[in-house]
4 protein chains.
Amino acid sequence: MALGGIIDGCPAGLEIDIDFVKSELQRRKPGQSHITTQRKEEDEVKFLSGIFEGKTTGHPIGFTIENTNQKSNDYEHIKDAYRPSHADFTYQEKYGIRDYRGGGRSSARETACRIVGGAIAKLYLKHLNISIQAYVSQVGHIKLEKKYQDLDLSKTEESIIRCPDAATAYNMVSYIEDIRKEGNTIGGIVSCVIKGTPIGLGEPVFDRLHADLGKAMLSINAVKGFEYGEGFNSINFKGSELNDAFTSTDGKVNTSTNHSGGIQGGISNGQDIYFNVAFKPVATIMQDQQSIDKNGNEMAVKGRGRHDPCVLPRAVPIVESMAALVLVDHILRNKTSKI
Amino acid sequence: MALGGIIDGCPAGLEIDIDFVKSELQRRKPGQSHITTQRKEEDEVKFLSGIFEGKTTGHPIGFTIENTNQKSNDYEHIKDAYRPSHADFTYQEKYGIRDYRGGGRSSARETACRIVGGAIAKLYLKHLNISIQAYVSQVGHIKLEKKYQDLDLSKTEESIIRCPDAATAYNMVSYIEDIRKEGNTIGGIVSCVIKGTPIGLGEPVFDRLHADLGKAMLSINAVKGFEYGEGFNSINFKGSELNDAFTSTDGKVNTSTNHSGGIQGGISNGQDIYFNVAFKPVATIMQDQQSIDKNGNEMAVKGRGRHDPCVLPRAVPIVESMAALVLVDHILRNKTSKI
Amino acid sequence: MALGGIIDGCPAGLEIDIDFVKSELQRRKPGQSHITTQRKEEDEVKFLSGIFEGKTTGHPIGFTIENTNQKSNDYEHIKDAYRPSHADFTYQEKYGIRDYRGGGRSSARETACRIVGGAIAKLYLKHLNISIQAYVSQVGHIKLEKKYQDLDLSKTEESIIRCPDAATAYNMVSYIEDIRKEGNTIGGIVSCVIKGTPIGLGEPVFDRLHADLGKAMLSINAVKGFEYGEGFNSINFKGSELNDAFTSTDGKVNTSTNHSGGIQGGISNGQDIYFNVAFKPVATIMQDQQSIDKNGNEMAVKGRGRHDPCVLPRAVPIVESMAALVLVDHILRNKTSKI
Amino acid sequence: MALGGIIDGCPAGLEIDIDFVKSELQRRKPGQSHITTQRKEEDEVKFLSGIFEGKTTGHPIGFTIENTNQKSNDYEHIKDAYRPSHADFTYQEKYGIRDYRGGGRSSARETACRIVGGAIAKLYLKHLNISIQAYVSQVGHIKLEKKYQDLDLSKTEESIIRCPDAATAYNMVSYIEDIRKEGNTIGGIVSCVIKGTPIGLGEPVFDRLHADLGKAMLSINAVKGFEYGEGFNSINFKGSELNDAFTSTDGKVNTSTNHSGGIQGGISNGQDIYFNVAFKPVATIMQDQQSIDKNGNEMAVKGRGRHDPCVLPRAVPIVESMAALVLVDHILRNKTSKI
């Protein structure tokens with residue numbers, strides 16, 4: 001079994017920097033630091049179509065990522081198991097058949113494909129001077145208290161946890177080391193900031209920009225919540241406090257605050273878009289758990305293998321990738337808003 | 001201008017109880033209590049197609065809701081205004097033209113159509129013994145501390161705020177009365193519980209059941225956040241604490257806890273589905289605000305008219321409706337999961 | 001029951017000439033001449049949304065066409081009948097329920113909605129200097145032998161049969177009069193020519209421009225065949241004879257012949273697009289026919305009512321409308337072919 | 001560059017006979033007889049996902065077909081050429097970039113992927129006792145005069161031209177040999193018969209079964225026309241002659257004739273579905289042709305290489321494949337027609 005996919009709808013003429021695609025895959029790759037899984041996967045992408053002489057042709061971009069390290073006997077012990085909070089049971093029931101190797105399609109390894117698509121999307125956004133930067137803002141109880149405006153997001157990649165504040169990053173890493181030692185896992189929050197979005201992206205009713213961003217984030221493994229702008233915190237404001245007053249300077253319309261998170265009525269207003277994504281602790285732990293097998297018999301799911309105590313640092317490029325794909329979709333869609 | 005829409009894809013042979021559709025519209029209707037807007041709208045739905053002799057025909061169900069009370073001169077004063085945190089500015093920029101009457105399409109009055117579609121969907125779900133119940137769990141700082149399992153959700157409709165706990169409901173209503181007196185608005189949380197969902201709804205990667213629920217909720221006016229199962233609170237658990245152990249009784253698979261919120265790997269596992277939706281305070285307040293008009297000139301947006309100090313009670317049936325539509329979509333889609 | 005629909009995806013800012021929409025409906029309307037049905041339908045379109053101060057707003061254009069003349073007792077006699085070559089039987093089997101009034105949704109009256117959508121599309125095409133002209137080129141054995149290049153298509157509306165050649169038109173009308181007298185029906189061919197199409201419309205594989213035109217035409221009631229360019233006649237050429245040589249004049253690329261019909265590799269090449277659509281004689285005849293009812297009992301379907309001996313003249317604007325909708329879809333889609 | 005694709009939406013649990021897929025590819029393969037191109041392509045399909053232990057898993061079926069024989073220098077001479085009646089010009093204009101190797105995506109080699117998808121679809125149809133058989137019924141002026149009812153379609157594969165009538169097949173082959181000797185090409189007609197279709201496939205308005213079949217056929221390279229049932233010949237009948245009378249035998253409804261071609265009101269009625277597809281002579285000929293290059297300069301396109309004098313025999317499995325895909329789509333879609 002190999003990973004792969006097709007990126008459809010990419011306009012022709014976009015220069016594809018393959019090294020950038022590879023560097024994005026490196027950010028998601030297992031084994032990149034001692035706080036991620038030590039599993040070795042090469043994640044080598046091979047493009048099969050849609051790119052010619054370094055540019056997109058307007059045709060579907062097909063690609064595969066070879067699986068160089070899969071040992072199928074690694075999975076014999078979970079062949080019939082319903083691992084707690086995994087998709088084994090639901091897949092078996094939905095399809096009546098299940099590829100148990102590595103979780104099959106429910107494996108988070110699938111997100112490598114999202115990185116490839118996201119990297120192409122980012123190249124398109126770069127061309128339009130739109131930037132996306134995600135970072136880890138919370139791990140368990142350790143929370144980065146500063147707002148994104150008070151952070152130097154360019155420092156995100158300097159820590160292995162991808163938190164731009166050095167002191168908080170240090171605490172997060174220490175905490176994850178403890179979690180790993182006990183064979184456990186922990187969740188947290190990835191925050192994301194998009195700058196330079198043109199005004200007008202998003203559709204008025206069902207396909208609001210934030211609704212599509214939310215769906216994209218909720219489609220990532222282990223995500224349990226999404227909020228944008230002030231999000232759940234909006235409850236603590238009255239309308240008169242939360243409304244963003246419009247101002248005009250030299251013909252350019254801005255808002256004096258940005259509680260809205262850059263989207264009003266589902267449509268981007270040109271201000272920064274920012275949102276939070278909540279990740280639960282991943283279900284695979286290095287401890288024994290009671291469960292059942294597919295025949296309903298009780299069994300112990302043994303903790304073993306090579307897994308992540310905390311997926312947050314590897315989730316950062318995935319969040320960015322999904323955001324990039326949503327933005328590009330809406331940029332293309334918006335080309336037909338006026339005659 | 002009238003409201004209306006088309007419900008596509010409804011299977012043939014479903015009995016349509018028109019009185020139920022009307023009663024659902026009553027739950028969203030303005031003027032239903034002293035804590036909602038006193039605007040009078042009749043919301044009379046008229047079905048134009050797709051129903052014959054009381055049953056669906058398998059064809060698109062077209063309907064209109066006549067606007068009996070719109071006074072177009074009500075809106076002359078906001079014709080050129082960019083009201084703070086409204087969609088006036090973004091619509092104007094996106095389309096170069098804007099129907100300013102009542103906010104045009106950005107008006108929350110659009111949600112009456114969602115109620116109609118949701119009511120049809122609920123009739124289908126009822127047929128399958130699936131129930132959806134939403135309720136208000138927070139208004140500003142006033143929070144219902146009990147979990148849904150400890151509440152009698154059948155009491156939801158007994159209070160005008162649609163909170164099933166009488167004491168909390170009383171506090172919420174009092175608070176909203178205060179907010180209204182100062183011409184302000186306040187947000188809160190709508191919680192929703194779905195019982196009886198069959199195993200197997202949801203698609204494995206992008207169209208996970210919770211991702212589609214999330215998108216549906218985020219498409220409702222004033223929604224800023226969505227979480228399901230333990231949601232953002234998942235961060236406070238370790239993997240070993242959050243995992244839901246499988247158990248088997250008489251051949252039926254259950255989980256001993258339900259932190260997952262009834263969805264695993266994006267697919268329903270037969271347990272209760274529950275989620276929270278955060279609503280900001282609505283932007284229209286009865287206070288004067290500074291803003292600009294579409295020519296960039298400063299102007300005061302005067303607070304006047306007939307608006308809601310808190311949309312939460314009227315949002316309850318909208319949340320249910322959107323949940324019902326998502327579930328039916330996935331029920332139909334799931335009919336092709338196996339040969 | 002009323003007719004109606006929603007035109008989705010129309011860009012904002014298009015001026016809508018309501019009189020033009022009405023005049024297009026007049027071209028399809030029953031009773032427009034003595035060779036069409038004498039049934040009286042007013043076909044008055046009422047727009048409900050999406051147009052403001054004479055221009056499209058970028059939102060869905062909802063509309064209804066009231067049915068002013070339906071007498072539901074007209075249909076009591078066919079309530080249980082399976083009329084030969086009608087959709088009664090297939091609808092009943094597919095849905096288990098059937099709105100028998102006027103054929104319900106299978107009635108060709110549905111095409112009035114296509115005219116409304118097509119009229120909006122034509123207004124957009126006019127804006128881009130693209131013109132579509134259809135005409136009747138064959139009725140039964142009476143065939144217009146001239147090619148479109150040798151005809152003055154502006155004379156199409158001068159005859160009630162919508163054939164631009166006066167002599168042929170006369171013969172067609174005489175023949176239809178005979179057919180009507182015997183209570184029978186006859187089919188024929190509608191030809192269509194599109195001028196001014198920009199280069200580049202159509203997608204390379206499945207959504208080729210001619211494939212979408214073909215599907216659109218085949219979706220019209222009573223259509224049995226579609227061919228474009230040389231069509232079925234291509235069989236009578238060798239490759240060396242059929243190929244269209246490219247020429248270049250003043251930097252503009254043309255072809256010296258146009259056997260291709262303006263589309264190569266599924267994509268428009270800027271030459272005239274032309275195609276033929278074959279209509280069978282309509283199934284409703286003024287003669288008694290043997291058939292069965294829905295219980296399998298033999299019965300006679302009595303010929304009565306007010307029907308068309310030949311739908312061709314009324315089909316002309318429908319063919320144009322569907323062509324216009326396909327073209328506009330591809331024009332919008334093509335806006336994203338390049339970065 | 002490799003060929004490949006993703007088959008989405010295939011239900012889980014379908015047994016995949018890989019040998020059948022391979023045998024279908026053999027029917028399309030170049031070099032299978034002396035009247036097809038002598039180009040050597042191995043067309044080895046490799047499945048990457050969606051099949052596990054011989055059965056479909058309900059997940060996308062990814063596959064690639066390696067290109068073992070492409071010599072990219074074969075195409076240097078056509079790099080800038082606009083070959084007559086090819087897609088070179090339209091691709092260049094639409095995308096501003098063009099992969100000229102082997103015609104890139106416009107190459108008919110793309111149809112190998114349709115065969116793979118079609119083979120999977122046929123396995124599903126076989127499971128439902130639905131059969132599809134196409135054959136060559138005309139090559140240039142040589143026409144098989146018999147109707148499909150009077151032919152033994154099981155003999156189709158016995159001749160290299162895939163015409164089930166031995167005498168006509170002999171004449172077709174002789175004629176193609178002559179055409180090949182003069183370096184020319186010739187077109188013809190592929191006829192197709194579908195038996196065993198359940199009643200109820202097809203949607204009432206735009207997605208009529210024959211409209212989707214027509215679009216699918218028109219999406220095949222070199223196709224110029226489509227007709228079903230009596231098709232263009234319907235013009236030669238009066239309504240009273242063409243209508244198919246319903247009969248009932250032992251509770252089963254049939255029609256005494258089948259001019260309709262098994263589809264009424266866009267929906268299958270259980271009778272045989274039959275249709276014709278017109279192919280033009282392919283554009284690549286072994287003769288020199290005048291044309292221009294992409295700079296507008298006149299140039300001669302030299303006839304050379306390894307091409308088909310007549311694509312009809314290789315088109316037979318492609319027609320069947322596209323028909324199978326359309327049928328399966330409608331079978332899946334029809335699962336939601338009733339509650």
Side-chain angles (χ1 to χ4, degrees), chain A residues 82 84-85 87 89-90 93-96 105-106 138 140 184-188 199-200 204 206 208 210-211 214-215 218-219 224-227 229-232 234-235 237-240 242-246 248 251 253 260 264-265 267 269 278 280-283 285 287 290-292 296 337-338, chain B residues 82 84-85 87 89-90 93-96 105-106 138 140 184-188 199-200 204 206 208 210-211 214-215 218-219 224-227 229-232 234-235 237-240 242-246 248 251 253 260 264-265 267 269 278 280-283 285 287 290-292 296 337-338:
Chain A
Y82 287 161
S85 291
F89 169 66
T90 51
E93 289 287 316
K94 185 178 181 76
Y95 300 111
R105 202 176 183 217
S106 72
Q138 188 163 356
N184 223 327
T185 55
I186 193 73
I199 305 167
F206 298 115
R208 293 173 194 228
H210 59 267
K215 174 170 174 174
L218 288 157
S219 79
K224 302 298 285 187
F226 170 84
E227 59 180 359
E230 286 291 341
F232 278 84
S234 302
I235 302 165
F237 291 80
K238 293 178 185 172
S240 61
L242 197 75
N243 281 353
D244 296 317
F246 283 109
S248 175
V253 174
S260 297
Q264 290 177 328
I267 297 167
N269 68 358
K280 66 166 188 170
V282 286
I285 58 178
Q287 299 177 1
Q290 261 321 107
S291 193
I292 59 170
S337 61
K338 295 177 197 166
Chain B
Y82 285 161
S85 291
F89 169 65
T90 51
E93 289 287 316
K94 184 179 181 76
Y95 299 111
R105 201 175 183 218
S106 72
Q138 188 163 356
N184 223 326
T185 56
I186 194 71
I199 305 168
F206 297 115
R208 294 174 193 228
H210 58 266
K215 175 171 174 174
L218 288 157
S219 80
K224 302 298 286 187
F226 170 84
E227 59 180 0
E230 286 291 343
F232 277 86
S234 303
I235 302 166
F237 292 79
K238 293 179 185 173
S240 61
L242 197 75
N243 281 353
D244 295 318
F246 283 109
S248 175
V253 175
S260 297
Q264 289 176 328
I267 297 167
N269 67 358
K280 67 166 189 171
V282 287
I285 58 178
Q287 299 178 1
Q290 262 321 108
S291 194
I292 60 171
S337 61
K338 295 177 198 164

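Per chain, numbering begins at 1; letters A, B, ... match sequence-line order.
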* Asked: Any idea which of Ala211(A), Gly214(A), Gly251(A) has the most non-hydrogen atom pairs under 4.5 angstrom with chain B?
  -> Ala211(A)

* Taking all non-hydrogen atoms of both residues into account, name the closest pair between Ser85(B) and Ser260(A) and its distance. => OG-OG, 3.6 Å

* Heavy-atom pairs under 4.5 Å with chain B are the metric here; pick the option from Ser240(A), Ala87(A), Ala245(A) that has the most. => Ser240(A)

* Region of Leu242(A) that comes under 4.5 Å of a non-hydrogen atom in chain B -> both

* Structure fact -> Minimal heavy-atom distance between Pro204(B) and Arg105(A), with the atoms involved, is CG-NH1, 3.6 Å

* Structure fact -> dist Phe226(A):CZ -> Lys224(B):NZ (nearest 0.5 Å) comes out at 9.5 Å

* Minimum heavy-atom distance between Phe237(A) and Ile186(B), given as atom pair plus value -> O-CD1, 3.4 Å

* Asked: Can you name the closest pair of heavy atoms from His210(B) and Leu218(A) and give their distance?
  -> NE2-O, 2.8 Å

* Give, as side chain, backbone, both or neither, the part of Gln287(B) having an atom under 4.5 angstrom from any heavy atom of chain A. => side chain

* To do: Starting at CG of Asn243(B), measure out to NZ of Lys280(A) and round the result to the nearest 0.5 Å.
  => 6.5 Å

* Top residue by heavy-atom pair count (under 4.5 Å) with chain B, among Gly265(A), Pro281(A), Ser248(A)? -> Pro281(A)

* Which pair of non-hydrogen atoms, one from Lys338(B) and one from Lys94(A), has the smallest distance, and what is that distance? -> CE-O, 3.1 Å

* Can you tell which of Thr185(B), Ile199(B), Ile235(B) has the highest number of heavy-atom pairs within less than 4.5 Å of chain A? -> Ile235(B)

* Asked: Out of Lys215(A), Glu227(A), Glu93(A), which one racks up the most heavy-atom pairs below 4.5 Å with chain B?
  -> Lys215(A)

* Closest non-hydrogen atom pair between Phe246(A) and Tyr82(B), with its separation -> CD1-O, 3.3 Å

* Could you look at Asp244(A) and say if it's the side chain, the backbone, both or neither that has a heavy atom under 4.5 Å from chain B? => both

* Heavy-atom proximity to chain A below 4.5 Å, by part of Ile292(B) -> both

* Asked: Ser291(A), Gly96(A), Gly229(A), Gly187(A): which one forms the most heavy-atom pairs within less than 4.5 Å of chain B?
  -> Ser291(A)

* To do: Among the options Gly188(B), Gly239(B), Ser234(B), pick out the one with the most heavy-atom pairs lying under 4.5 Å from chain A.
  => Gly239(B)

